[in-house]
Amino acid sequence: MPEAIGYERVGDIVILAADNPPVNALGHAVRQGLADGLDRAEAEGARGVLIYGTGRTFFAGADIREFGKPPKEPHLPELCNRIEASPLLVVSALHGTALGGGLEVALSTHYRIAVPQAKVGLPEVHLGILPGAGGTQRLPRVAGVEAALDMITTGRHVRADEALRLGVIDRVAEGEPREIGLSYLRELLDEGAPRRPVGEMPAPAPVDFDAVHAAVLKRGRGQLSPATAVRAVQAACEAESFAAGLKRERELFMELMNSDQREGLIHAFFADRAVGKLPELEGVAPRPLAAIGVIGGGTMGAGIATAALLSGLTVTMLEMTPEAAEAAKGRIEGNLSGAVKRGKLTSQQFDTLTTKALTLATDYAALSEADLVIEAVFEDMEVKKQVFTKLDAVCKPGAVLASNTSYLDINQIAAVTSRPQDVLGLHFFSPAHVMKLLEVVIADQTAPDVAATGFALGKRLGKVSVRAGVCDGFIGNRILSVYRTCADHMILDGASPYEIDEALEAFGFAMGPFAVADLAGLDIGWAVRKRKRAEGLDPRARDSAYADKLCEAGHFGQKTGKGYYDYAAGAKARVPNPEVMPLIEAERAAQGITPRAFGKDEIVRRYMAAMVNEAAKVVGEGIARRPLDVDVTLLYGYGFPRYRGGPLKWADMQGLPELLADIKRWAAEDAYFWQPAPLLEQLVAEGRSFDDLNKEAVS
Ligand code: CAA
């Protein structure tokens, strides 16, 4: 095995080169190698030391896999102090991403040079911690408190030119990190440049930290790490000495390291990376993708077309009439001009995308050369079947045929074609050019390379793709319909929509379920309820009609100005719609229910238990491969608070036996709704967790 840190002598300079693929994470061997390399360089009488990374990057941070395990010496903070204290002149040369502990190592060297493409950042808050190796003390000393607070509390990646402007690095130069680092160090030695330990620089000027703390806490919607990091930066200004500041940083770091939020966020980090790795797709090449077709240019179809255009694909948009096609183009242009406004697209690129890359059509023959066609027409099985029959007739052999249905049976859709192996579901979330989630729905006969093409498309569009099996609602909407029903039951029994939204927003959801319903449009749920009633409800299921009455009165949510809330003063200034509670009260009276009070904790517990129980059914039936697939779905498509890791990670942390006991207790009131998931019962009986299932699936 190669050494994690290579040692090379070039005249009076020692080069320490990290070789720990894939991202040169600062695991134990790397830390030990750096410490040993410095000892040796000092003992051998070198004058300068260069630290850089081989491969694709400088150190991308501490080794996250070591978190939660007993730490092994040398620890990163001591290593950083050791580097800074070296009597030799120490320079770091940065390329790729110098993140977290990686930037902290760089800040401990005396001078920093970077290639123009390099990015630096302290993204620890996204993992539920804060920079724990001096980053909160050193960064404000070189960049000032304001810039340091911005970088540390947002965790954003800063490009080399900005880092230079902020004083985080000292020079930007083209070339290989080894070469630019060597020549910089040689120059510094030749001109007799002094060592420049950041820890010896004066403490930075303070700001109103209480105000910053309050603002950051509010922005974090319950996430603690960014606000805690503010207190660590405060210590850089106010502690008696640099060492005292480091001590305070350590205390705050340990507080976060031991928190559930850290566990949740690190689970989410690895789940993000595991979700696209499916054993059955290993080594399966996706089919080529250059030209795609989109059928239906409503909000969803236009959003999909926008995302595809932005990714460099050419798009043929098929609509029923030339007028409808023009309207679809208008929607796409509206979406793209948003990208122009945000500086993501130049007006020249806008013109190219809307004139050259986008073609409008009303004849299916225009789709004959498409590599992949996504249908985003009305949610009706007969309509979908007609579309797929026509696609089967015109599309070239090997074209992938996808339906964007959110709940219909893909097997039935595939069955009307002569090529069911080429058919799959690609379930986007609205607005499709913004929302990150893509459910790749694999039907019974979907070929592996068609599944791989679905994932390849997702990657190209910048989506997080999750494999889902066929069932009503797939992973996300199936679970949603159950926890939404649980919320409706609580309303019948005495909670108000506003109490429920408030409790769940306090739990960390971006929006409560009733605010979400208003945003999505109450007519959608109304249509689903009508369909389900027409199919015949199970007589044991509780039903309520108050929401239908709201729709009958013309209130569809934000788009009509009123739904559960009244939006007369704008979406942010929502107030309860006074028509709602009387409708609910009438419904309770009609059903003979005496309402009771619900506390915030009970609301959250029931809602989450319903979500977890259905999620366990979804995993148990193989609709989702692993618990982590459910977690990622809820994180990216349903506003689930990332710092809680996802519903099944949350369930593990709550304790599965206690959760199952609650479900069984509630089953005494409503045995039909609260049927425990067999997988949940099995895990409890075996003393195992959802994360055990994740680990078994990944290993
Ligand atoms: N530790 C361990 N493994 C890591 C890692 C880390 N810090 N960063 C990335 N990896 C792993 C990934 O899990 C992935 O492994 P698999 O191939 O087995 O899935 C592999 O490296 C490649 O990562 P990506 O797929 O993410 O590659 P990318 O090119 O898309 O992105 C990256 C590279 C920008 C570095 C991205 O991986 C990233 O953002 N990593 C996290 C960086 C970070 O948060 N660093 C701070 C760590 S905390 C810290 O340093 C705290 C401290 O002070 C003690």
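Order of listing sets the numbers, starting from 1, for every ligand and every atom in it. Heavy atoms only: backbone and side chains are in, while hydrogens, waters and symmetry mates are out.
- Ligand 1 places these atoms under 4.0 Å from at least one heavy atom of Phe270: 13 (O).
- If you check which protein heavy atom lies closest to atom 39 (O) of ligand 1, you get Leu99 CD1, 3.9 Å.
- Protein heavy atom closest to atom 2 (C) of ligand 1, with residue, atom name and distance, is Asp63 OD1, 3.2 Å.
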Could you please spell out the steps behind the side chain to side chain contact (heavy atoms under 4.5 Å, CB included) verdict for Ile180 and Tyr52? CA-CA 10 Å; Ile180 61 168; Tyr52 83 101; over 6 Å; no
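- In this structure, the ring of Phe640 has its center less than 6.0 angstrom from the ring center of Phe509.
- Contacts of Ala62 with ligand 1, taken as heavy-atom pairs under 4.0 Å, involve both backbone and side chain.
- Ion pair Lys649/Glu263 flagged as a salt bridge, since at least one NZ, NE, NH1 or NH2 atom sits closer than 4.0 Å to an Asp/Glu carboxylate oxygen.
- Under 4.0 Å from ligand 1, the heavy atoms of Thr97 that appear belong solely to its side chain.
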Could you go through the side chain to side chain contact (heavy atoms under 4.5 Å, CB included) check for Val120 and Phe58 one step at a time? CA-CA 10 Å; Val120 304; Phe58 191 73; over 6 Å; no
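- Of all heavy-atom pairs between Glu66 and His28, the closest is OE2-N, 2.9 Å.
- Judged by the 6.0 Å and 45° rule, Arg40 forms a cation-pi pair with Tyr7.
- Note: an N/O pair closer than 3.5 Å links Lys277 and ligand 1 by distance alone.
- The ligand atoms of ligand 1 that sit less than 4.0 angstrom from a heavy atom of Leu127 are 44 (O), 47 (C), 48 (S).
- Ligand 1 lies less than 4.0 angstrom from a heavy atom belonging to Arg56.
- When distances from atom 30 (O) of ligand 1 to the protein are checked, no heavy atom turns up under 4.0 Å.
- Across every non-hydrogen atom of Ala203 and Cys237, the tightest pair is CB-O, 4.1 Å.
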From CA spacing to verdict: side-chain hydrogen bond (donor to acceptor under 3.5 Å, both in side chains), Thr633, Glu439: CA-CA 8 Å; Thr633 303; Glu439 281 180 310; 4.9 Å; no
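- Annotation: atom 13 (O) of ligand 1 to nearest protein heavy atom, Arg65 NH2, 3.2 Å.
- In the vicinity of Gly100, heavy-atom distances shorter than 4.0 Å reach the ligand 1 atoms 46 (C), 50 (O).
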Arg231 vs His213, test: side chain to side chain contact (heavy atoms under 4.5 Å, CB included). Steps then yes/no. CA-CA 7 Å; Arg231 295 303 186 203; His213 182 267; 3.5 Å; yes
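- For ligand 1 and Phe269, the ligand atoms under 4.0 Å from any heavy atom of the residue are 40 (N), 41 (C).
- Closest non-hydrogen pair, Glu249 versus Gln137, comes out as OE2-N, 3.9 Å.
- Taking every heavy atom of Gly132 and a limit of under 4.0 angstrom, the matching atoms of ligand 1 come to 53 (O).
- Closest to atom 37 (O) of ligand 1, if we only count protein heavy atoms, is Arg273 NH2, 3.8 Å.
- Atom 53 (O) of ligand 1 has its closest protein heavy atom at Glu104 OE1, 2.7 Å.
- Taking distance alone, with nitrogen or oxygen atoms compared against 3.5 Å, Ala60 approaches ligand 1 more closely than that limit.
- Looking at ligand 1, you'll find an N or O of Gly101 within less than 3.5 Å of one of its N or O atoms.
- Every atom of ligand 1 is numbered from 1 in the order shown, and the set under 4.0 Å from a heavy atom of Pro22 is 20 (C), 21 (O).
- Of all protein heavy atoms, the one lying nearest to atom 8 (N) of ligand 1 is Val23 CG2, 3.5 Å.
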Step by step, work out the side chain to side chain contact (heavy atoms under 4.5 Å, CB included) result for Leu461 and Leu438. CA-CA 10 Å; Leu461 302 187; Leu438 175 66; 5.9 Å; no
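- Of all the heavy atoms of Ile64, the ones lying under 4.0 Å from any atom of ligand 1 are found in both the backbone and the side chain.
- Within the 3.5 Å criterion, the main-chain N or O of Ile304 finds no donor-acceptor partner in the side chain of His433.
- Geometrically, Arg196 engages Tyr111 in a cation-pi contact defined by less than 6.0 Å to the ring centre and at most 45° from the axis.
- Residue His157 has no nitrogen or oxygen atom sitting less than 3.5 Å from a nitrogen or oxygen atom of ligand 1, judged on distance alone.
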